[in-house]
Participant: 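Dumping the structure here so I can ask a few things about it.
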Amino acid sequence: MGDHAQGEVEAITDSEHTPDGRAHRGVGSVWLRPARAGRSTEAPLTRERIVGAAVALLDEEGLDRLTMRRLAERLGAGATTLYWHVTTKDDVVDLAVDAIFGETPVPDRPTDRPRDDIARLLHDWRRAVLRHPWSAELPSRRRPLLGPNFLAWMEFLQSALLRAGLGEDRLNAATWALYNHVMGATAAQSSLRLSAEEARAGRDYLEGRRERYPTVAAHSYITDDDWDGNFAAGLEYLLDGMGARQGAGRP
């Protein structure tokens, strides 16, 4: 890429402008705009190639290092070619996030045990997010998720909740509770890194304040790294609570 093209791309604010400097005022979500065919005068570039390269770049270097210029370089394509397919960095992230949901197996048919279906789906999704830690950094409602993989995942989850007896008026609240449990647990596991020395120092700090914080000191939450066990237990608490509310006939 020439110096002029690099300067042009770097000057773009990825979420608001197009390569010619005009504010992007079209439909915000990449999923609500039709995919564009590749230009015959340049090497073939498709959404699939863009997504694969974006996920690889995000896995290697994280969300902060993703730019349209770096992605174009990785693809061996010019900036204009890349912008033909994806208008903004947000488009790229939306496509990459949907690819992560595509790694979560969604059964063709539900079982007769909807609670087990829900638990399996969420455990699989957690594993997919942990393989791509950058995805745990994204705010839940940064942009609406409308990709086909996400919608298939959401359809299975919400239909399982209804089959389990949850009332329709509480469906979205229950969905967000489960979604946020996965996102919160994976974000903490992906970002929290304590050395043995830091763990010992934290334990000693709490022990020295046991009189003031007896419960916290006694249970040493700071050194609890049973991520799998804590996630599973938290999910059971949520599902138990939903079941108890339903059993009590509460709206």
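Note that the numbering runs from 1 along the sequence shown for the chain.
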Participant: Output every pair passing ring pair (Phe, Tyr, Trp, His ring centres under 6.0 Å) with a member in residues 198-226, not counting sequence neighbours, ordered by first then second residue.
Facilitator: none
Participant: Using the test side-chain hydrogen bond (donor to acceptor under 3.5 Å, both in side chains), find all partners of S195 that sit at least two apart in sequence or belong to another chain.
Facilitator: E198
Participant: Quick one, R126 and Q189 - any side-chain contact, counting heavy atoms below 4.5 Å?
Facilitator: yes
Participant: Applying salt bridge (charged side-chain N to carboxylate O under 4.0 Å, His left out), name anything that partners R209, two or more places apart in sequence or on another chain.
Facilitator: none
Participant: Tell me whether R49 contacts the main-chain N or O of L75 through its side chain, where contact means a donor paired with an acceptor under 3.5 Å.
Facilitator: yes
Participant: Donor-acceptor pair, distance only, cut-off 3.5 Å: does the side chain of K89 make one with the backbone of M68?
Facilitator: no
Participant: Which distance, rounded to the nearest 0.5 Å, do you find between the CG of L145 and the CG of D94?
Facilitator: 7.0 Å
Participant: For H123, enumerate each residue passing the ring pair (Phe, Tyr, Trp, His ring centres under 6.0 Å) test, keeping only those at least two apart in sequence or located in another chain.
Facilitator: F231
Participant: Roughly how far, to the nearest 0.5 Å, is CD1 of I50 from CG of L71?
Facilitator: 7.0 Å
Participant: Within the supplied structure, the quantity of interest is the number of heavy atoms (other residues, nucleotides, ligands) at a distance under 6.0 Å from E60 CD; does it exceed 12?
Facilitator: yes
Participant: Applying salt bridge (charged side-chain N to carboxylate O under 4.0 Å, His left out), can you list everything that pairs with R203, at least two apart in sequence or on another chain?
Facilitator: none
Participant: What pairs of residues pass the ring pair (Phe, Tyr, Trp, His ring centres under 6.0 Å) test when at least one of them lies in residues 89-109, not counting sequence neighbours?
Facilitator: F101-W125, F101-F150, F101-W153
Participant: Is any side-chain heavy atom of L239 closer than 4.5 Å to a side-chain heavy atom of L178?
Facilitator: yes
Participant: Sequence neighbours excluded, which residues qualify as salt bridge (charged side-chain N to carboxylate O under 4.0 Å, His left out) partners of D124?
Facilitator: R127
Participant: Could you pull out the closest heavy-atom pair between P148 and D98, with the gap in Å?
Facilitator: CD-OD2, 3.4 Å
Participant: CH2/W134 to CG/D64 distance, rounded to the nearest 0.5 angstrom?
Facilitator: 13.0 Å
Participant: Same cluster or not: L121 versus L238, using hydrophobic residues (I, L, V, M, F, W, Y) connected whenever any side-chain heavy atoms lie under 4.5 Å apart?
Facilitator: yes
Participant: Whether the side chain of H181 engages the backbone of L235 through a donor-acceptor N/O pair (distance < 3.5 Å, no angle test) should be reported.
Facilitator: yes
Participant: Any non-hydrogen side-chain atom of L192 less than 4.5 Å from a side-chain atom of W227?
Facilitator: yes
Participant: Side chains of L57 and R65: closer than 4.5 Å at any heavy-atom pair?
Facilitator: no
Participant: Closest heavy-atom contact between V129 and A136?
Facilitator: CG1-CB, 3.8 Å
Participant: Nearest 0.5 Å, what's the CZ-CD distance between R200 and E207?
Facilitator: 15.5 Å
Participant: Excluding sequence neighbours, so at least two apart, what forms side-chain hydrogen bond (donor to acceptor under 3.5 Å, both in side chains) with E103?
Facilitator: R131, H132
Participant: Between the main-chain N or O of I222 and the side-chain N or O of S220, is there a donor-acceptor pair closer than 3.5 Å?
Facilitator: no
Participant: So which heavy atom on V51 is nearest to which on A96, and how close?
Facilitator: CG1-CA, 4.4 Å
Participant: Taking the side chain as every heavy atom from C-beta outward, state whether D59 and V55 have any atom pair closer than 4.5 Å.
Facilitator: yes
Participant: Which heavy atom in R74 sits nearest to a heavy atom in A56, and how many Å separate them?
Facilitator: NH2-CB, 3.6 Å
Participant: Starting from I118, can I reach L151 by hopping between I/L/V/M/F/W/Y residues whose side chains sit under 4.5 Å apart?
Facilitator: yes
Participant: Among all residues two or more places apart in sequence or in another chain, which pass the salt bridge (charged side-chain N to carboxylate O under 4.0 Å, His left out) test with E197?
Facilitator: none
Participant: So if you build clusters from Ile, Leu, Val, Met, Phe, Trp, Tyr with side-chain heavy-atom gaps below 4.5 Å, do V97 and L130 land together?
Facilitator: no
Participant: Under a 3.5 Å distance rule, please check whether D224 uses its side chain to pair with a backbone N or O of D226 as donor and acceptor.
Facilitator: yes
Participant: Tell me every residue that passes side-chain hydrogen bond (donor to acceptor under 3.5 Å, both in side chains) with R113, counting only those two or more places apart in sequence or in another chain.
Facilitator: D116
Participant: Between E73 and R70, does any NZ, NE, NH1 or NH2 come within less than 4.0 Å of an OD or OE carboxylate oxygen?
Facilitator: no
Participant: Rounded to the nearest 0.5 Å, how far apart are CZ of R212 and CG of L206?
Facilitator: 12.0 Å
Participant: Starting at OG1 of T87, measure out to CG of D91 and round the result to the nearest 0.5 Å.
Facilitator: 5.0 Å
Participant: Taking side-chain hydrogen bond (donor to acceptor under 3.5 Å, both in side chains) as the test, write out the residues that go with E48, two or more places apart.
Facilitator: T46
Participant: Pairs of donor and acceptor atoms involving the side chains of residues 156-165, under 3.5 Å and at least two apart or interchain, shall be tabulated with distances.
Facilitator:
residue, atom, partner, partner atom, Å
Q158, NE2, N172, OD1, 3.2
Q158, NE2, T175, OG1, 3.0
S159, OG, E155, O, 2.9
S159, OG, F156, O, 3.0
R163, NH1, T111, O, 3.0
R163, NH2, D117, OD2, 3.0

Participant: Would you call D240 and R115 a salt bridge, using N to O less than 4.0 angstrom?
Facilitator: yes
